[in-house]
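By convention in this document, chain letters (A, B, ...) are assigned in the order of the sequence lines, proteins followed by strands, and residues within each chain are numbered from 1. Here the structure is a predicted model, which means the values were calculated and not measured.
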Amino acid sequence: MDESRARREIWIRPVVVWVALCLLLAATCALAYVPMGNGNLPVSLCIAAIKVALVGLVFMRLFENNPLNRLAAAAGPIWVFVMFLLLGADYFTR
Amino acid sequence: MTDTAVNSAMPPDYLHDGHTLRSWLLSTDHKRIALLFVFSITVFFFIGAVAIGIIRLELLTPAGDLVSDDTYNKLFTIHGIVMVWFFLIPSIPATFGNFLLPLMIGAKDLAFPRINLLSWYLYIGGAAFTVATLIAGGVDTGWTFYTPYSTMFSNTAVLTAAMGVFVVGFSSVLTGVNFIATTHMLRAPGMTWFRLPLFVWSMYATSIVMVLATPVLAMTLLLIMAERWLDLPIFDASRGGDPLLFQHLFWFYSHPAVYIMILPGMGVVSEIIACFARRRLFGYSFMVYALVAIAVIGFFVWGHHMFVSGQSPYANMVFSFLSFMVAVPSAIKVFNWTATLYRGSITFEAPMLYAFGFLGLFTIGGLTGLFLATVPIDIHVTDTYFVVAHFHYIMVGGTVSAFFGGLHFWWPKITGKLYPESWARLAAILMFFGFNLTFFPQFVMGYLGMPRRYHAYPPEFQVYHVLSTSGAAVLGVAYILPLFYLIWSLRYGAAAGMNPWRAKGLEWQALSPPPRDNFLSPPVVGEPYDYHPQEGPDAEGDAA
Amino acid sequence: MSDAFLRPPFENLQRQHQAVAFGMWIFLVSEVLLFAGLFAGYTVYRDLYPQGFLAAGRQTDIVFGTVNTAILMTSSLTMAVAGRASRAGFGQMARRLLIATFTLGALFLVLKGLEYREDIQRHLVPGAGFALAQRGAQIFFSYYWIMTGVHAVHVTAGLIAVMRLIVVSRRNVGWLAGSASEDATALYWHLVDVIWIVLYPLLYLVGRANG
Amino acid sequence: MTDFRLSLPEASLNAHDVDIAFLSVFAIAAAIFIFLFILLVIFAVRYRRGSRAPRGPLPKLFRRELEIGWTLATIFLAIFIFWWFVGGYGLPPRDAPGQLEIHVVAKQWMWKTQHPNGAREIDALHIPVNTQIRLVMTSQDVIHSFYVPAFRLKQDVLPVRSTELVFTPAETGTFELFCAEYCGTQHSHMTGEIVVMTAPAYAAWLGKQPHGDTLVQQGEALYAKYGCGACHAPASHVHAPKLAGIYGSIVVLQTGAQLADDAYLRKSILRPRDDIVAGYAPIMPSYGRFASPADVDALLAYIKSLPTQGTQR
Ligand code: HEA
Ligand code: HEA
Ligand code: CUA
Ligand SMILES: [Cu+2]
């Protein structure tokens, strides 16, 4: 296949993701102004989580990558979770 | 292959390729970097030692008469900071780990040699700050930097001290990254995960902790600096902050950190015991699982340092329970080491003596950890000398013994020379008795209510302190001895040959000292620790 | 592929690339925990001072925040494509994309600087004469400054790394694909983006609804 | 080298439990240690190189069973120790009738204590034996820790927050008080004495004290001084909650229900804006700047003393 097409091919996936990211950004920004009481934070964080997942899987190529790197990447969230869980053991029972 | 095969055609050993200072300071050879670390941590060990030497002398009398209370506080603080971050944490990983990890898995070097060198420079950077702290008149917060004292009240060089620890933290993160990547990527053909020596496994487990825990400390120190320097309200209660948050963050690092300090010791001891008992390590796979389990569960127990801090009593329950759980894998290791001796063919060279010392002292230290994990008991003994004794039993009795054991065990490999055995045995025995004399009395006075970080104390405790100090003097001598005979052996020691202990493990298939690229021909990988035909005795062993 | 890029102790280039990527991933995990230390404190105080945090959150400049988010995400896009390009052998294209990435990153910092200036003018620096009275508002801004500050440091580090790629590849664009540097730099850059994506709702979207 | 200490009096009701726990865990630990030690010695001697001991293949039981066996045994033992000696310890205790509430303020480097009737002491505390004591403690500066070895009790004392220590002295006598949390230069001199007396002796002692006004009286004065009444007096036109009988009741805050305990009330005075009572405006000035911890103690005492009847909350 000719080069220019190949060059275009390269863009497709990342751009799709990028568009998705922008849409999510717009969404979270808009939703922030909708009164949901305590709902706002969870919503915005969920959206953030989705965005992070997109960047991680596609841009950082965890998707195509070997399991080893995926394992490494997973360690981060897991340990953060542990930290919050046990902090909660104190703060939510004080 | 025997020594006679070592002819002039050989590449020079790592000590002799390049003699300029530059060839050392810019070397990316893991073996040379290991030596750089050996020198640096030795220096800091003696800084920390002198500090505590003075403290021990001060504590000879109940009245604080030798040094002022401010000086006293600065002394134990610098002792803690230096001993933990500038001696014990790098002690085994950055020296033996650096030197042996590639050798043991049959690699030329660590995965990222230049980053390895960077680790050393970061260490030196942090060290510089710490020395600056001393010059600036010291710091008096205790190694725990508790707020609000450290941020709002202390008027000593807290910033410089915190900065030093902050910087040295990145040194251990990078070391951790390097070790993990190396273990995954550079194992020689045939070196499967379950053929790795336990020392490598211990380095792997340690690295996990280094990578996951240290950054949290870095951030916590950053917050301390921000509050103290930029006066941003973060932990300051009078402005709505919560001092306990600091303690949580600090211990989230510092408890796992204690496993950074012990796991490597466990690795060293495993190697030594197998070799001098001429025996396969008992329950190899369990030993491996135990190492990893300790590293992971170690992250769940930090709250046991905060039983009286005002944290929720329910949290106390949770953390107490988890602390008991973390003890189990350690138990497994102790039992396996003991079982390894069974039907062995044991000899008692200095490394083995240190290993025995480790077994006994670590077990005592660990078991007293269980007392501390028991909330009602801890409420009474926390912040007393009982705690001080607990952690010295593990860190000094355990890890430092293991360090000296390893030093003697691999000395022939590192320097190519044999050390004088009888002197070494003497030092080992001195150390053991000096140690117990120093720290056992501290358990007693601790339970009787002697608070730690006390410059003056009620006279009824004097007897215990006098015992402790006399022990420290013995200990001091025992630490200084090796310095002399090891240096002596550099010049006058007999040539070691490749494998003076007839030990298994790839590092012994390299020349001593090894050349830049470690192995002349690819090493032959076999089962770990096969010191004897299936379950049988070690033939040569008994012949002796 | 030529082994000109092979560095000891590795014997084959592919392994070397794997190792570098893996090493970088481990490092990134430690970076995540670095920020976790901040998130933990933020959570605790937000739980302690809901009012203060809502009030304070409204004060941050959402325009700067949102625009900067978009910029950083775009720079991530160019970085991602750059990687794919160089691996596909379009060195020049990759290099141009790296330059784009650098520009966007720099732009981010400039905007951040302007935002800081505004914040200072509006007395949002904790301490005497702080704009808000609510309890906890000052703490929110302590975290605002430290979080964004530490992040900015990471951006700067990323920029330096990207610049290195641009400079070194000036002579030989093949180097981008050959050496593992680009891969590592890209991963790092994406992490900086990821961190910001999480900071954004915490610092800019707070309390907008109950304005 | 004067007399040296070999044992510690068990001067509080829980001291005995702690010692029992300690001795039991010690027994377990010692048993384990001695067992291991003996094994080590036996193996070291029996299997020293060149000894005649048989070194054939390991006996059958030396297989995974053993490994799993001691793992399970250890887990069991660990859980047992936890369940037996820790389970539930230190969860909030029930208040006994006739409980004596004493206020403790720690500062670098001294302990200030105040009795219900207003009598104050420094670096000392007189208490009656066999009476449940409730210490309500707070610090003016850094973290300190109230430690009485003879009681086997210790509790950190934090700035702004108030922490409590509930115990019952079981022995008369004089016992040492230490500050156990490092708090700066004079940390090791931040000590004092706890004097446990018989009830009559205590009463007599209390009588002799130049007891200024009682806490309640002081509180009343401060209440007037700070003009709390301007808003909180039932007659007041300012829309502010009634304080009578608030102590121990459940308050509905904007952020949810909340028990009005010491900590909460203290906070409401020092930093009212932290939690606003539902249906009220956040107009209450925060007294953090004027009211010292001692003042707040007094105010709380007064608020608690307000007559409950007739006030509907
Ligand atoms: C290398 C360092 C190291 C290690 C490995 C440990 C290991 C352990 N530590 Fe220790 N600890 C410290 C260093 C260390 N500690 C330091 C420095 C402090 C003080 C910090 C400061 O305040 O300055 C401290 C303080 C400390 C405290 C807080 C005390 C206080 O301040 O109030 C507690 C409380 O639970 C504790 C518990 C434990 C436990 C349960 C283990 C366990 O991991 C021990 C496990 C080992 C064993 C249990 C022995 C082997 C097992 C057997 C022989 C079988 C029998 C076992 C069972 C029946 C379960 N430690
Ligand atoms: C991690 C490693 C480590 C190591 C190796 C050591 C080694 C030693 N430690 Fe240390 N220690 C800590 C870690 C360590 N310590 C920590 C983390 C603390 C807590 C700090 C804090 O509270 O913030 C602490 C605190 C601490 C205290 C409590 C101080 C206090 O609370 O007031 C004491 C008291 O005896 C002590 C003693 C010793 C001794 C005798 C040694 C010996 O092993 C050292 C042997 C060396 C010498 C004895 C010096 C050499 C000889 C001379 C200089 C000649 C003069 C000396 C004499 C004549 C005696 N240590
Ligand atoms: Cu007050 Cu120590
Ligand atoms: Cu711990």
Side-chain angles (χ1 to χ4, degrees), chain B residues 69-70 73 142 146 148-149 153 237-238 243 283 286 308-310 313 316 320-321 324-325 327-328 331-332 334-335 338 341-347 359 363-364 367 370-371 374-377 379-380 382-383 448-449 451 453-463 535-537 541-542 544, chain D residues 1-5 8 17-18 21-22 25 29 32-33 36-37 39-40 43-44 47-50 55 57-58 67 70-71 74-75 78-79 81-82 85-86 89-92 141-143 145 147 149 152-156 158-161 163 176 178 180-189:
Chain B
D69 37 19
D70 270 319
N73 299 341
Y146 271 21
Y149 185 71
F153 290 85
S238 64
F286 282 81
V308 301
S309 68
N316 284 358
S320 170
F321 178 75
F324 279 99
M325 289 303 102
V328 173
I332 296 178
V334 171
F335 295 143
T338 318
L341 298 175
Y342 182 67
R343 302 205 163 179
S345 161
I346 306 167
T347 54
L359 266 182
T363 307
I364 295 181
L367 287 169
L370 298 177
F371 291 70
T374 312
V375 178
I377 302 177
I379 289 179
H380 171 46
T382 180
D383 279 313
L448 295 180
R453 298 172 172 180
Y454 260 34
H455 161 247
Y457 57 88
E460 307 98 281
F461 292 117
Q462 185 172 20
V463 174
E535 305 303 356
D542 289 349
Chain D
M1 219 160 289
T2 52
D3 57 318
F4 81 100
R5 185 178 300 179
L8 205 55
D17 307 350
V18 174
F22 180 83
V25 178
I32 295 171
F33 181 75
L36 285 168
F37 186 77
L39 277 183
L40 275 182
F43 291 168
Y47 297 110
R48 68 188 182 283
R49 168 161 312 170
R55 294 198 173 67
L58 295 176
E67 197 75 57
W70 66 43
T71 306
T74 320
I75 293 178
I79 293 180
I81 300 177
F82 172 79
F85 298 109
V86 181
Y89 188 92
L91 298 183
D141 37 49
V142 302
I143 301 178
S145 191
Y147 177 34
R152 312 289 189 279
L153 277 179
K154 189 183 286 110
Q155 173 60 56
D156 282 9
L158 303 162
V160 179
R161 252 182 82 181
T163 51
E176 60 210 339
F178 291 129
E181 185 60 67
Y182 175 68
C183 55
T185 310
Q186 302 258 34
H187 167 58
S188 60
H189 298 293

Any non-hydrogen side-chain atom of [X] less than 4.5 Å from a side-chain atom of [Y]?
X        : Y        : value
B:Leu367 : D:Phe33  : yes
D:Thr74  : B:Ile332 : no
D:Phe178 : B:Pro458 : yes

(request) Please state whether the side chain, the backbone, both or neither of B:Phe153 comes within less than 4.5 Å of a heavy atom of chain D. (result)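 Only the side chain of B:Phe153 comes within 4.5 Å of chain D.
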Would you check if the side chain of [X] reaches a backbone N or O of [Y] as a donor-acceptor pair within less than 3.5 Å?
X        : Y        : value
D:Lys154 : B:Thr382 : yes
D:Arg5   : B:Gly449 : no
D:Tyr89  : B:Pro313 : no

(message) Looking only at heavy atoms and a cut-off of under 4.5 Å, which of B:Asn73, B:Thr374, B:Leu341 has the most pairs with chain D?
(response)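 Answer, by heavy-atom pair count under 4.5 Å with chain D: B:Asn73.
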(request) Give the member of B:Ala331, B:Gly283, B:Ala456 that has the highest number of heavy-atom pairs under 4.5 Å with chain D. (result) B:Ala456
[atom1] of [X] to [atom2] of [Y]: how many Å apart, nearest 0.5 Å?
X        : Y        : atom1 : atom2 : result
D:Ile81  : B:Phe371 : CD1   : CZ    : 8.5 Å
B:Met325 : D:Ile75  : CE    : CD1   : 6.5 Å
D:Cys183 : B:Tyr149 : SG    : OH    : 8.0 Å
B:Ile377 : D:Arg152 : CD1   : CZ    : 11.5 Å

(message) Please evaluate residues D:Thr185 and B:Asp70 with respect to the criterion side chain to side chain donor-acceptor pair (under 3.5 Å), reporting the C-alpha separation (whole Å), side-chain torsions for both, the decisive distance (0.1 Å), and the verdict.
(response) CA-CA 5 Å; D:Thr185 310; B:Asp70 270 319; 3.1 Å; yes
(message) Can you classify the ring geometry of B:Tyr454 versus D:His187 as parallel (below 30°), tilted (30 to 60°) or perpendicular (above 60°)?
(response) perpendicular
(request) Measure up the B:Phe321 and D:Phe82 rings against each other and bin them: parallel (under 30°), tilted (30 to 60°), perpendicular (over 60°). (result)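 Perpendicular, since the angle between the ring planes exceeds 60°.
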(request) With sequence neighbours excluded, tell me which residues meet side-chain hydrogen bond (donor to acceptor under 3.5 Å, both in side chains) with D:Tyr47. (result) none
(request) Please list, chain by chain and in numerical order, all residues satisfying side-chain hydrogen bond (donor to acceptor under 3.5 Å, both in side chains) with B:Tyr146, sequence neighbours excluded. (result)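 Scan of B:Tyr146 (side-chain hydrogen bond (donor to acceptor under 3.5 Å, both in side chains), adjacent residues dropped) gives B:Trp251.
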(message) So which residue, D:Leu40, D:Ile79, D:Asp17, ends up with the most heavy-atom pairs under 4.5 Å with chain B?
(response)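 Among D:Leu40, D:Ile79, D:Asp17, the one with the most close pairs to chain B is D:Leu40.
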